[in-house]
**Q** 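Sharing a structure here in structure tokens format.
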Amino acid sequence: MSTTLLDTLRQRVPELKTEDNTSTPAAGCTATHVCTTADIPAIAEVFKQAGYCLEMLTCLDMRADGGIFRLVYHFSRADVPDRHRFLADVEPGHEPPTAALLFESANWYEREVYDMYGVRFAGHPDMTRILTEEGADYHPLLKDFGVAHPTDEGNGNA
Amino acid sequence: MLQQETKSTQNGKPSVEELLREAGPLVHLDVLDNLLNQARARSLWPLTFGLACCAIELMATGAARFDMDRYGAGVFRPSARQADVMIVAGTISRKMGPVIKALWDQMPSPKWAIAFGGCTIDGGPFKYPNQYAIVEGADKLVPVDVYIPGCPPRPEALIAGILKLEEKIKAGKNFKA
Amino acid sequence: MPELIHVGRDEDRDTYYLNMGPQHPSTHGVLRLRLLLKGEEILEAEPIVGYSHRAHEKMAENRNYIQFLPNTSRIDYLSGMIYNIGYCQAVERILGLEVPERAEYIRIICCELNRISSHLLWYGTLLMDLGGFTPFLYCWDDRENILDILDEVTGSRLTYCYGRFGGVTMDVNDEFLQNTLDFCKRFRERLPEYETLVTENIIFQNRCKDVGVFDQELAQDFALTGPILRAMGHKRDVRRDEPYGIYDKFDFDIPTLNGADTFDRFLIRVEEMHQSLSIVEQAVSRIPDGPVMAPKVPRKIKPPKGEYYFAVESARGHFGMFIVSDGTEIPYRIHLRTPSFANLSSLRSVLRGTMIADTVAILGSIDIVLPEIDR
């Protein structure tokens, strides 16, 4: 883990909580950081300048446990293996800022998160569904989806 | 048979249309039909069309070792207008469903459909309560003639399916659209 | 008489939309491209995905860790073995399970054979998209030999479910090892034939050289991985950077080139087949005797609460599994970071300004598998 990168990060985002994961290989990253969604553009900028790419972005439905959605960002380098995980909590109905203006890969990732969880990103150039059918009115990866949805066996198909 | 049918109609008398329908076509071309069916069965032109994993086995059947051309079914056509058999190979997602229906409607009659693989029979491994993403079975979209189970079926199974379809065509059971 | 539509003589009368797919012989499945064209030139290209969305991630939340095993090889059916064994390795790393050495060697042999078979299929279809049917038959001829070898030990030709947490289902016999060596020998003799047939073909070269050049900044912008990234000069490979299994015990090169065009991506994959052959040969010559399953595998897989990430190098690039456990038998969330999803999203930038006839060459050289993108 490069210390200069972390110093720059702390300067930009003072209230960042960092946990070192170098001793736990199963975590699969150098460090896990907890931040707020408002910090994401600043963090993305730091990583963009340091030559990192946004490798993965996904979401967790934790409404049963804290009433929030948790966004998971993975930044990794193109030359040396070094991965940073950022966890940012979003309250339902709140729109986190987009990272698509800095990383083009975020464009599709954020559309997928919107499609699967209904979390909209503020400032995204094209906030539309990506995987589900046209005219879908559900967000399938929500934990309460599928419990009382009409898409039962055979029903609603074709 | 005719007696029972006429009883159900009004006034106790069958209409002219009904009588004609009962009598069948005025001119029978059985010999020609048989001949055409023999020709159709031996020159099936499948639509180039793969949805998922099964499409690879479909390619395998057309390629070097299995060589579907031996059964006259190796001329894959990229356009639905030139094809007469649709091999539905792979999971049908609900986004893809209308596309398959549109392709089927574009194919000229007589045409046949083969459901290739578990997903096209009933959803296969992707079937579970509240599955939201797939159409559970190709027969919900198109009239299927031959079902080939497997995940994915082996190329030998597809060849067996093609031979079964040929039998069916030769027996004159083609669909009239 | 119908009303005549007046066609104006404005500047933009050559600009039109063209829809390509989802049923198209060269989109490798059910990809749809919406192209904005000016004559033959592509102004904008928009890939539309989701036509093969099968809800793998939702299924993962509906079943336990073992029951998700058969799904893995159906995510990317061309490198199904790599995905299947990668998922086993991910869970093993979380649980801290030790895998017997013989099983590790078998895994490497099977994964590398699978990588060759995936590259062979890509080779055949790329050439078929470019109008050559003969290479397709050559590739399938060799591919069938790999499928025979894997079929014998796994029982399936395509969607393998060979890995288990702690090892593999069945041991291999000497015949399997001999067949593998025979295949390597035969394929090494075939590869020069491929070279004279395809690589040196001037028509093929003209269609590929300087076509679809990836700009350097795209690598960072789109998080590209796999042979595309290596054709841009980056020496990245998960097998070397974050070694998993016993890849660190093997001697192999990671080929890189700097042209970043379609021809370079082609050469990279051909060279990767050579490297995979060398890994297979090393593994067969050094495989030890012993068990193929760990002695003590828990009957109920309950990873401790937490967030985990594990990546493998599939035939298309960096495949990562982000697993969140809440301490129960059912995964709380499995997110699949698939390489083609990121790689395909770059198509929008690459196609801009190219000719429509080159679309299939560029798309073919990216090597996508649609169900892996749509999941």
Side-chain angles (χ1 to χ4, degrees), chain B residues 47-67 69 76-80 83 86 88-100 102-104 106 117-119 123-135 150-157, chain C residues 21-30 32 48-59 61-63 67 70-71 73-78 80 117-118 120-121 124-125 128 133-145 147-148 151 156-159 161 369-372 374-375:
Chain B
L47 178 65
T48 313
F49 170 56
L51 294 167
C53 333
C54 292
I56 306 298
E57 289 299 68
L58 178 61
M59 279 161 74
T61 320
R65 182 181 292 180
F66 296 97
D67 189 10
D69 258 336
F76 283 91
R77 307 313 298 178
S79 164
M86 177 189 254
V88 189
T91 322
I92 306 163
S93 72
R94 288 177 70 176
K95 199 170 181 175
M96 194 64 193
V99 182
I100 292 176
L103 284 170
W104 175 256
Q106 284 180 66
C119 296
F126 298 98
K127 186 186 169 101
Y128 68 91
N130 300 315
Q131 164 66 286
Y132 64 94
I134 66 164
V135 177
C151 189
R154 303 175 74 89
E156 294 94 329
Chain C
Q23 187 262 334
H24 187 280
S26 301
T27 51
H28 296 244
V30 284
R32 180 176 159 205
I48 301 169
V49 296
Y51 288 96
S52 193
H53 178 54
R54 305 194 275 188
H56 281 292
E57 291 180 6
K58 186 73 180 174
M59 286 174 85
E61 297 175 16
N62 277 308
R63 53 198 61 206
Q67 286 169 328
N71 274 60
S73 58
R74 284 162 182 85
I75 301 164
D76 175 354
Y77 42 79
L78 290 182
S117 79
S118 171
L120 274 174
L121 189 98
T125 46
M128 196 156 74
F133 192 70
T134 315
F136 177 74
L137 297 176
Y138 271 70
C139 291
W140 267 100
D141 189 18
D142 284 327
R143 195 181 134 90
E144 288 287 351
N145 290 328
L147 298 187
D148 280 348
D151 187 6
S156 48
R157 282 165 51 90
L158 194 67
T159 47
C161 190
V369 164
L370 259 297
E372 174 213 12
D374 300 340
R375 282 158 287 153

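So that the names make sense, note that chain A is the first sequence line, chain B the second, and so on, each numbered from 1.
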**Q** Are any side-chain N or O atoms of C:Thr159 and backbone N or O atoms of B:Cys151, one a donor and one an acceptor, separated by less than 3.5 Å?
**A**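 Answer holds: yes.
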
**Q** Less than 4.5 Å to any heavy atom of chain B: does that hold for the side chain of C:Asp142, its backbone, both, or neither?
**A** neither

**Q** Is B:Phe76 close to chain C through its backbone or its side chain, or both, or neither, when contacts mean heavy atoms under 4.5 Å?
**A** neither

**Q** What part of B:Leu47 lies closer than 4.5 angstrom to a heavy atom of chain C: side chain, backbone, both or neither?
**A** side chain

**Q** Nearest 0.5 Å, please: how far is OG1 in C:Thr125 from CE in B:Met59?
**A**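 One gets 5.5 Å once the value is rounded to the nearest 0.5 Å.
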
**Q** For C:Asp151, which atoms come within 4.5 Å of any heavy atom of chain B: side chain, backbone, both, or neither?
**A**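 Side chain of C:Asp151 only, per the 4.5 Å heavy-atom cut-off to chain B.
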
**Q** Are any non-hydrogen side-chain atoms of B:Ile56 and C:Arg143 less than 4.5 angstrom apart?
**A** yes

**Q** I'd like to verify something: which residue of B:Gly50, B:Cys53, B:Ala64 has the highest number of heavy-atom pairs under 4.5 Å with chain C?
**A**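 Highest number of pairs under 4.5 Å: B:Cys53.
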
**Q** Less than 4.5 Å to any heavy atom of chain B: does that hold for the side chain of C:Ser73, its backbone, both, or neither?
**A** neither

**Q** So, taking the atom named OH in B:Tyr128 and the one named NZ in C:Lys58, what distance separates them when rounded to the nearest 0.5 Å?
**A**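 The NZ atom of C:Lys58 is 6.5 Å from OH of B:Tyr128, to the nearest 0.5 Å.
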
**Q** Any sub-3.5 Å donor-acceptor pair from C:Gln23's side-chain atoms to B:Pro78's backbone N or O?
**A** yes

**Q** Is C:Tyr138 atom OH crowded by more than 12 heavy atoms from other residues, nucleotides or ligands, each under 6.0 Å away?
**A** no

**Q** Which answer fits C:Leu370, side chain, backbone, both or neither, if we ask what part of it has an atom under 4.5 Å from a heavy atom of chain B?
**A** neither

**Q** Is the backbone of C:Tyr51 close enough, under 3.5 Å, to the side chain of B:Ser93 for a donor and an acceptor to pair up by distance?
**A**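 At least one qualifying donor-acceptor pair exists.
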
**Q** Counting only heavy atoms closer than 4.5 Å, note whether C:Asp374 contacts chain B via side chain, backbone, both or neither.
**A**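 Neither; nothing under 4.5 Å.
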
**Q** Set out, in order, the CA-CA distance, both residues' side-chain angles and the distance that settles side-chain contact (heavy atoms from CB on, under 4.5 Å) for C:Val49 and B:Lys95, then state yes or no.
**A** CA-CA 10 Å; C:Val49 296; B:Lys95 199 170 181 175; over 6 Å; no

**Q** Is it the side chain or the backbone of C:Arg32 that comes within 4.5 Å of chain B heavy atoms, both, or neither?
**A** neither

**Q** For C:Arg157 and B:Glu57, indicate whether the former's side chain and the latter's backbone hold a donor-acceptor pair under 3.5 Å.
**A** no

**Q** So which part of B:Ala52 gets closer than 4.5 Å to some heavy atom of chain C, the side chain, the backbone, both or neither?
**A**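 Contact with chain C involves both backbone and side-chain atoms of B:Ala52.
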
**Q** At a 4.5 Å cut-off on heavy atoms, which part of C:His56 comes close to chain B: side chain, backbone, both, or neither?
**A**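 Only the side chain of C:His56 comes within 4.5 Å of chain B.
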
**Q** Classify the ring geometry of C:His53 against B:Tyr132: parallel below 30°, tilted from 30° to 60°, perpendicular beyond 60°.
**A**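 Aromatic pair C:His53/B:Tyr132 classed tilted.
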
